[in-house]
Amino acid sequence: MYENQDDIGNVLTQLFEHSDILITKLVPELFQSIQNIPLESTDPTNALIERAIAIIHAWNAHEQAKFITAHPRIGEVKQLSALSAKEQSGGLSATTRSETPPEVLKRLEHLNACYEHVYTGLRYITFVNGRTRATIAREMEDKLQLGHPLESYPDGPPLNEPVAGSLECVAKNSEDWLNELKRAVNDVGKIAKSRQKSLRL
């Protein structure tokens, strides 16, 4: 199993999100790694994910950041893969999921802008694990030490406050920035393992 780069690329594109760096860097490095040390045989796809995440962690910060930004932003509704759409809707299928309230999408759009200002070059990645977008919005607010205006909507503070540019930036490549990058890569691995189960790979 996983004896050539095409097989690895096809599986990783389902488990992760498609990106140039996945195809041009991760797949060949993973293939070479498997040639040197074969995957554990009882659950080779799980072993493939763990090997891939270990390889990504060994990349430089720029390459790791390029990899995680292939994942869609939380709250995006256009051009999502079927798996991303299901994950962001709380794990429900297209026929059973309910629409996310527009105020939640508006808040998430603003929170993404705030996060990407504070953590320049990164994108907020989290293992949704069946949670709603409103729950993720609160998680992002806590990460950024912001208030929770959705809890008092529409009578509370505006959903687009504070101004993203007013927030203090975390220095790129600082310990805090690198820790956030590491957390994001690890959550990509958790997402991949969840997808493995749902796809029965």
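Side-chain atoms are counted along with the backbone in the values below, which use heavy atoms only and exclude waters and symmetry mates. All residue numbers in this chain count up from 1 along the given sequence. Keep in mind that what you see is a predicted model, and the values were worked out from it rather than measured.
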Novice: Lys182: what forms a salt bridge (charged side-chain N to carboxylate O under 4.0 Å, His left out) with it, not counting sequence neighbours?
Specialist: none
Novice: Of all the heavy-atom pairs spanning Gln64 and Trp59, show the shortest one and how long it is.
Specialist: NE2-O, 2.8 Å
Novice: Report all side-chain donor-acceptor pairs from residues 101-109 shorter than 3.5 Å, counting only partners two or more places apart or in another chain.
Specialist:
unit_1	atom_1	unit_2	atom_2	d
Arg107	NE	Glu141	OE2	2.8
Arg107	NH1	Leu159	O	2.7
Arg107	NH1	Glu161	O	2.8
Arg107	NH2	Glu141	OE2	3.3
Arg107	NH2	Gly147	O	3.4

Novice: Could you work out, with side chain to side chain contact (heavy atoms under 4.5 Å, CB included) as the rule, every residue matching Gln35, not counting sequence neighbours?
Specialist: Phe31, Gln32
Novice: If the condition is side chain to side chain donor-acceptor pair (under 3.5 Å), which residues does Arg123 pass it with, not counting sequence neighbours?
Specialist: none
Novice: Between Pro157 and Ser152, is there a side-chain heavy-atom distance shorter than 4.5 Å?
Specialist: yes
Novice: Taking side chain as C-beta onward, heavy atoms only, is Tyr124 less than 4.5 Å from Glu139?
Specialist: yes
Novice: Rounded to the nearest 0.5 Å, how far apart are CG of Asp187 and OG of Ser194?
Specialist: 11.5 Å
Novice: Is the shortest heavy-atom distance from the side chain of Asp142 to the side chain of His148 under 4.5 Å?
Specialist: yes
Novice: Please walk me through it: do Gln196 and Asp43 pass side chain to side chain donor-acceptor pair (under 3.5 Å)?
Specialist: CA-CA 11 Å; Gln196 178 200 357; Asp43 190 348; 3.0 Å; yes
Novice: Got Tyr115 and Leu122 here, is their nearest side-chain heavy-atom distance under 4.5 Å?
Specialist: yes
Novice: Only counting residues at least two apart or in another chain, list the ones meeting side chain to side chain donor-acceptor pair (under 3.5 Å) with Trp177.
Specialist: none
Novice: Under a 4.0 Å N-O cut-off, is there an ion pair linking Glu63 with Lys66?
Specialist: no
Novice: Might you work through the side chain to side chain contact (heavy atoms under 4.5 Å, CB included) test for Glu17 and Val188, ending with a clear yes or no?
Specialist: CA-CA 9 Å; Glu17 295 288 326; Val188 169; over 6 Å; no
Novice: State which residues pass side chain to side chain donor-acceptor pair (under 3.5 Å) with Asn173; sequence neighbours excluded, sorted by chain then number.
Specialist: none
Novice: Within the 4.5 Å heavy-atom criterion, are Asn186 and His57 side-chain neighbours or not?
Specialist: yes
